There are 4 protein chains.
Amino acid sequence: MTTEESGVVADWRTYEEQRLPRVLAAALETFGEKGYHGTTTRQLAEAAGMSVPGIYHHYASKQDILFDLMMVIIDELIERSQQALASAEDTPRAQFDALVESLLRFHMHRRRGAMLSTSELRSLEPENRARYVARRDEQQRMLDRIVLAGVESGALSTPYPADASRAIASLCVGVASWYRPDGQYSVDTLLTRFLAITESIVGIR
Amino acid sequence: MTTEESGVVADWRTYEEQRLPRVLAAALETFGEKGYHGTTTRQLAEAAGMSVPGIYHHYASKQDILFDLMMVIIDELIERSQQALASAEDTPRAQFDALVESLLRFHMHRRRGAMLSTSELRSLEPENRARYVARRDEQQRMLDRIVLAGVESGALSTPYPADASRAIASLCVGVASWYRPDGQYSVDTLLTRFLAITESIVGIR
Amino acid sequence: MTTEESGVVADWRTYEEQRLPRVLAAALETFGEKGYHGTTTRQLAEAAGMSVPGIYHHYASKQDILFDLMMVIIDELIERSQQALASAEDTPRAQFDALVESLLRFHMHRRRGAMLSTSELRSLEPENRARYVARRDEQQRMLDRIVLAGVESGALSTPYPADASRAIASLCVGVASWYRPDGQYSVDTLLTRFLAITESIVGIR
Amino acid sequence: MTTEESGVVADWRTYEEQRLPRVLAAALETFGEKGYHGTTTRQLAEAAGMSVPGIYHHYASKQDILFDLMMVIIDELIERSQQALASAEDTPRAQFDALVESLLRFHMHRRRGAMLSTSELRSLEPENRARYVARRDEQQRMLDRIVLAGVESGALSTPYPADASRAIASLCVGVASWYRPDGQYSVDTLLTRFLAITESIVGIR
DNA sequence: CATGAATGAGCTTTCATTCAT
DNA sequence: CATGAATGAAAGCTCATTCAT
């Protein structure tokens, strides 16, 4: 299976250790731990194994690092979502299942990035925030469209498709905040369980 | 109905405009908007309508303000939860419904405080964090106990009670991040819907 | 004799030790010695006998200090010039002599400030520079007007009044760069000599 | 007529577009515009059409560039002055006129370099400054000697030869700060005028 | 010479906090 | 409580300079 976009993600279900440039990896680690404003450029540099000016050789500002990181993260989410949809059967339920599975997998494997993006949205400067939010809305609209289409076709059933869509997205995002890859449950176990929950929200039994 | 603790909350279902001392109200507003590290004491003072030394008259440090605020917030949550349980019938389902309803109501009416507590946990200094987490765990254990008891009694049915409990809490907390009191849905509408979802998670049909 | 403007300067001929707020005095000293860009805020603070944040309590930026200093300096020059003209007889020659004497006295007694203003004009940010230059042009136009009027009345005689005016101003400003108050010549000696030179430029014999 | 020194200057009255190595030309432009401390090596490199390491291939430091530039400038001034004296008649007045004319021409045609040298003297490190000042004093002494000799011979007449010499030098230097080659007056016009002024200072009528 | 990556030292500025009044 | 002045510590960022290629 191939996608037009990018070539970074081989298969939407497969997650390798995230490969990020040193600076972004350090930003993910430090911003995730102490927050954007709670992280100093010195800490960031140390985490990156660089000097402070070394950081500034690659990025013009701390803000640019945050923005780039968040864009890299959401770009991966959207690309995987598109691949999931492209590779699934073209029935409402299959499309729904694929997208939710993709969302869940992403928030399990890219936990830190997902949480960081949620909590540091406010730390983006207005222009950057607008660009990020536009991208995030793309992702949300993919789910909105599928739920709505499913309801219209009769495959899904909920009186409030928009609310359901948002609740499902919120549920998936929430997984990132407590799932531990080294916990007792496998990805597949949790997938099965949460897929069942989300399906119940849109009236699949 | 009475509780041992406090006397601030008249009825666990009823939410008035939150009554906070000026400093805490300002902290809720500013920390919520720009984060703890993203807020300066001057901004805090301005939001409180005070001078900076005025702030320090009430609190020894910015950290103390965050800690006090988060404790006030979680104390209210726990007190309401206890009242909800105390006022509900002593059946597993009634207890479950009451606690979830309380959780949901709280995260709808105290959205900002709930979100702030989640995102600024990392900004608490170790000792404060430990005390806060202990208190938050109390709340989580209330739900854990009820789910477990319900499963043991046969009223609830899930093979993974601990996971279910955590997923439910996560769902309720997540509501705070997108619910808008001025949106199109009433509290009761959302309550009904989310109660149904959480019930489905623990096998109530 | 009175002036409408200000009340700082008692008599245009009399110069006391310049009375500047601590920060401006330090700026005059340090900027004058090493230049604006060559002076660090730490050096400035040390010269002012303050801490660095102490400086920023009074001024928002290093640039603001430079601007304020230069405005204070030129304001004094202009005020003294106006007083000189007001106190002189209303004949072309008396007006010319008074203004040149004022210019010369100023550039002898306020040497450092005058030199600093000349050399740091380029260090002013565009908006500040525009405001300063407008003020400096006021001063130049006072001389231009007098020379022109003198030529028209026949009291002065030069075929190029504008050039003469600029050359005279330049001569007076230049005095600041080499006159030493502790040198061998008194103010009055130099005054006499330079007044003779400037008079010769405009054809007074 | 020839000089022992150099061979760069064909005739002391003739000024071609200044021919400087790329780095010095860029230094003249940038240091002149924003000052030595106000110019970064990157700006310098850009102005030179070179890379930053390219600059360091030619010069060991930014300070070395300033020093070299200032020495090149004053060397040209001194060489032209010597040629002017060598080519003039050996009478006090002719010698005086030649030297002043040379000084004036130089400060009209090499305006930027002259102003830069004046304002960046303080940016030279002590050792460099000492060497530069020694050179500049050579130039000043040429004028001092001629004025003194002229007074002694009776051709010139001023009670303060040293002051007069300094004032004349100051006047000539000052020309650089306001003369514009694209202005309304030709070099010759200004020469005539300023020569008359300086002659009046030393009592030539 | 250019490119690109890197850095020690230091820059301007800000922060939380304090103290005298 | 407010005002105003002050500060140690540190923040984000930049500088001149270097080195490998």
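Just so it is clear, the values below take in all heavy atoms, side chains as well, and ignore hydrogens, waters and symmetry mates. Quick caveat: nothing in here was measured; it's all calculated off a predicted structure. Labels below follow one simple rule: chain letters A, B, ... track the order of the sequence lines, proteins then strands, and each chain is numbered from 1.
- Checking C/T39, C/L44, C/T41 one by one against C/I65, the side chain to side chain contact (heavy atoms under 4.5 Å, CB included) holds for a single residue, C/L44.
- Within the 4.0 angstrom heavy-atom criterion, base atoms lie near B/T41.
- Electrostatic pairing of A/R19 and A/E76 does not count as a salt bridge here, judged by no charged N lying under 4.0 Å from a carboxylate O.
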Test side chain to side chain contact (heavy atoms under 4.5 Å, CB included) on B/V23 and B/M50; report intermediate values, then the result. CA-CA 8 Å; B/V23 175; B/M50 284 181 178; 3.8 Å; yes
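- Both C/T39 and D/M50 lie close to DNA chain E; mapped to their nearest nucleotides by heavy-atom distance, the more 5′-ward contact belongs to D/M50.
- Rounded to a whole Å, the CD atom of C/Q63 is 12 Å from the P atom of E/dT12.
- Under the Watson-Crick or G-U wobble criterion, with both distances below 3.5 Å, F/dC1 is left unpaired in every strand shown.
- Of the options C/T118, C/L116, C/L24, a side chain to side chain contact (heavy atoms under 4.5 Å, CB included) to C/M70 is made by C/L116 and by none of the others.
- F/dT3 atom C1' lies 14 Å from atom NE2 of C/H58, rounded to whole Å.
- Panel note: side chain D/Q63, backbone D/E125; a donor-acceptor pair is recorded below 3.5 Å.
- In this structure, the CD1 atom of C/I55 is 18 Å from the C1' atom of E/dC15, given to the nearest Å.
- If you measure from atom CG of A/L66 to atom P of F/dG12, you get 13 Å, rounded to the nearest angstrom.
- With a cut-off of 3.5 Å on both pairing distances, the Watson-Crick or G-U wobble partner of E/dC15 is F/dG8.
- Residue D/H37 is classed as having no contact, given no heavy-atom separation below 4.0 Å to the nucleic acid.
- Checking F/dT17, E/dT3, F/dC13 against the side-chain heavy atoms of D/S51 singles out E/dT3 as nearest.
- If you measure from atom CZ of D/R42 to atom P of F/dT17, you get 11 Å, rounded to the nearest angstrom.
- Using a cutoff of 4.0 Å between basic side-chain nitrogens and carboxylate oxygens, B/E120 and A/R122 are scored as salt-bridged.
- Closest to the side chain of A/Y56, from the set F/dC13, F/dA16, E/dT13, is F/dC13.
- Among the protein residues, D/T40 comes within range of the sugar-phosphate backbone only, with heavy atoms under 4.0 Å from sugar or phosphate atoms but none that close to a base.
- Per the geometry, NE2 belonging to C/H57 stands 13 Å off C1' belonging to E/dT18, to the nearest Å.
- Backbone-only engagement by B/G49 is indicated by non-hydrogen atom pairs under 4.0 Å involving sugar-phosphate atoms exclusively.
- Rounded to an integer number of Å, the gap from D/I65 CD1 to F/dA16 C1' is 11 Å.
- For C/P53, counting side-chain heavy atoms from C-beta on, the closest listed nucleotide (E/dA16, F/dC1, F/dA9) is F/dA9.
- Within the 4.0 angstrom heavy-atom criterion, base atoms lie near A/G54.
- Between A/Q43 atom CD and F/dA11 atom P the separation is 7 Å, expressed in whole Å.
- Residue C/V52 has its side chain nearest to E/dT13 when only E/dT7, E/dT13, F/dA6 are considered.
- At the phosphate of E/dA6, OP1 or OP2 sits under 4.0 Å from a side-chain N or O atom of A/R22.
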